[in-house]
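Structure record follows, encoded as structure tokens.
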Amino acid sequence: MTDAAFAPGRILLVGFGPGHPDHLTVRAHQAIGEAQVVIGYSTYIDLVAPLLKGKEVIEKGMTEELDRCELALTRAREGCVVALISSGDVGVYGMAGPTYEVLREAGWHPNGGDVEVEVVPGVTALSACAARVGAPLTHDFCAISLSDLLTPWPVIEKRLEAAAAADFVVALYNPKSGRRTRQIVRAQEILLGHRAPETPVALVKSAYREREDIVLSTLSHMLEHKIGMLTTVLVGNSTTFTFDGLMITPRGYANKYQLDTRAVKAGETPGRSLSTGLSG
Ligand code: SAH
């Protein structure tokens, strides 16, 4: 038996952030360093290339995701430390879920399994994109992926409708690709059913990467700009405003305080629920 057979293999599920080393967490950096085998989509491999010297690197295409998970398990069972890497956060439309699904199918268990698994969180696209345009997510928000490759479109429409009606700020992941062009048009229609045409919208492409491109638009005009696979679309809520190229969603301080004098408004108390109470 080789030495490797005595050490349990490990799978590290690593989110490396939006793509710039400044936004790679310390643990993600270490985890990639610990790995002997690094598996990921080719674009991701390119983004972390400087960290991969001397490692076995396995690049896979988009449609081979389950194969990647399977391969990670096989190599970990041989005793290797394997990193499966995703951009952003590995648990947000990333490889963490599919890997656990494959592991469960293969008879693995979280306690006492033959392979150790660690999920390493990262800065997801919505946080990265929000930071580039100011503070659009400061109140309740949700993420919706417009990709119907694995999710039936009616389910996505239902979520868009619910988010629009409930006035969530919405971050749209996977908004459009070469083949999926109708989904963003439908999303805009649904959102316009509940929100003003002038609602601020940010189109952030490749945040913190070389070809970063940021456009501030509105719900009615957003489709006049380029939207693609590397864009995240941030749609404001009914209180979101723009300010010299920034997009800002108020936290709610103006409900309680005069923002100019900081005085507490009549009938309100700091540290207590708003005077309107549970009935609103
Ligand atoms: N796990 C990733 C998301 C993968 S889904 C994360 O947590 O960020 C792929 C989608 O993420 C893209 O279609 C795009 O909408 C978004 N995205 C990923 N990286 C991005 C970046 N640097 N800038 C803007 N959007 C990005």
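Order of listing sets the numbers, starting from 1, for every ligand and every atom in it.
Aromatic rings from F141 and F168 are positioned such that their centres are separated by 6.0 Å or more.
Checked for salt-bridge contact, E212 and K205 miss the test: no charged N lies under 4.0 Å from a carboxylate O. Salt-bridge formation is detected for the pair R75/E78: a Lys NZ or Arg NE/NH1/NH2 atom is positioned less than 4.0 Å from an Asp or Glu carboxylate oxygen.
Here the heavy atom of the protein found nearest to atom 2 (C) of ligand 1 is S87 O, 3.3 Å. Ranking the protein heavy atoms by distance from atom 4 (C) of ligand 1 puts Y93 O, 3.6 Å first. Nearest protein heavy-atom neighbour of atom 19 (N) of ligand 1: R209 NH2, 3.4 Å. Protein heavy atom in closest approach to atom 12 (C) of ligand 1: M229 O, 3.1 Å. For atom 10 (C) of ligand 1, the nearest non-hydrogen atom of the protein is N174 OD1, 3.6 Å. The nearest protein atom to atom 20 (C) of ligand 1, hydrogens excluded, is given as A125 CB, 4.0 Å; this is a heavy-atom distance. With hydrogens left out, the protein atom closest to atom 15 (O) of ligand 1 is T231 O, 2.7 Å, a heavy atom. Closest protein heavy atom to atom 16 (C) of ligand 1: T232 OG1, 3.3 Å.
Ring planes of Y100 and W108: tilted class, angle from 30 to 60°. In this pair, H23 and H20 present their aromatic rings perpendicular. The plane angle is above 60°, beyond the 30 to 60° band.
Residue contacts with ligand 1: S206 is included, with a non-hydrogen atom under 4.0 Å away. Under a 4.0 angstrom heavy-atom cut-off, Y173 registers as being in contact with ligand 1. The closest approach between any non-hydrogen atom of A128 and ligand 1 is not below 4.0 Å.
Residue V92 places at least one N or O, backbone or side chain, under 3.5 Å from an N or O of ligand 1. Below 3.5 Å of separation, one finds an N or O of D89 facing an N or O of ligand 1.
How far CD of Q188 is from NE2 of H221: 10.0 Å, rounded to the nearest 0.5 Å. The SG atom of C142 sits 8.5 Å away from the CG atom of L160 when rounded to the nearest 0.5 Å. The structure places CD of E161 at 11.5 Å from CD of E189, a figure rounded to the nearest 0.5 Å.
If you check each of P175, G228, G94, A207 against atom 23 (N) of ligand 1, the one with the closest non-hydrogen atom is A207. Comparing heavy-atom distances from atom 6 (C) of ligand 1 across I214, V233, T124 singles out T124 as nearest.
Within 6.0 Å of NZ in K265 there are more than 12 heavy atoms belonging to other residues, nucleotides or ligands. Annotation: L259, atom CG; neighbour count of heavy atoms from other residues, nucleotides and ligands within 6.0 Å is above 12.
Close contacts between ligand 1 and C129 involve ligand atoms 23 (N), 24 (C), 25 (N) [criterion: under 4.0 Å to a heavy atom]. Close approach to V204 involves these atoms of ligand 1, each under 4.0 Å from a residue heavy atom: 24 (C).
Tested against V120 for a side chain to side chain contact (heavy atoms under 4.5 Å, CB included), the candidates R27, H29, Q30 yield a single pass: R27.
Looking at L230 against ligand 1, only its backbone comes within 4.0 Å, counting heavy atoms.
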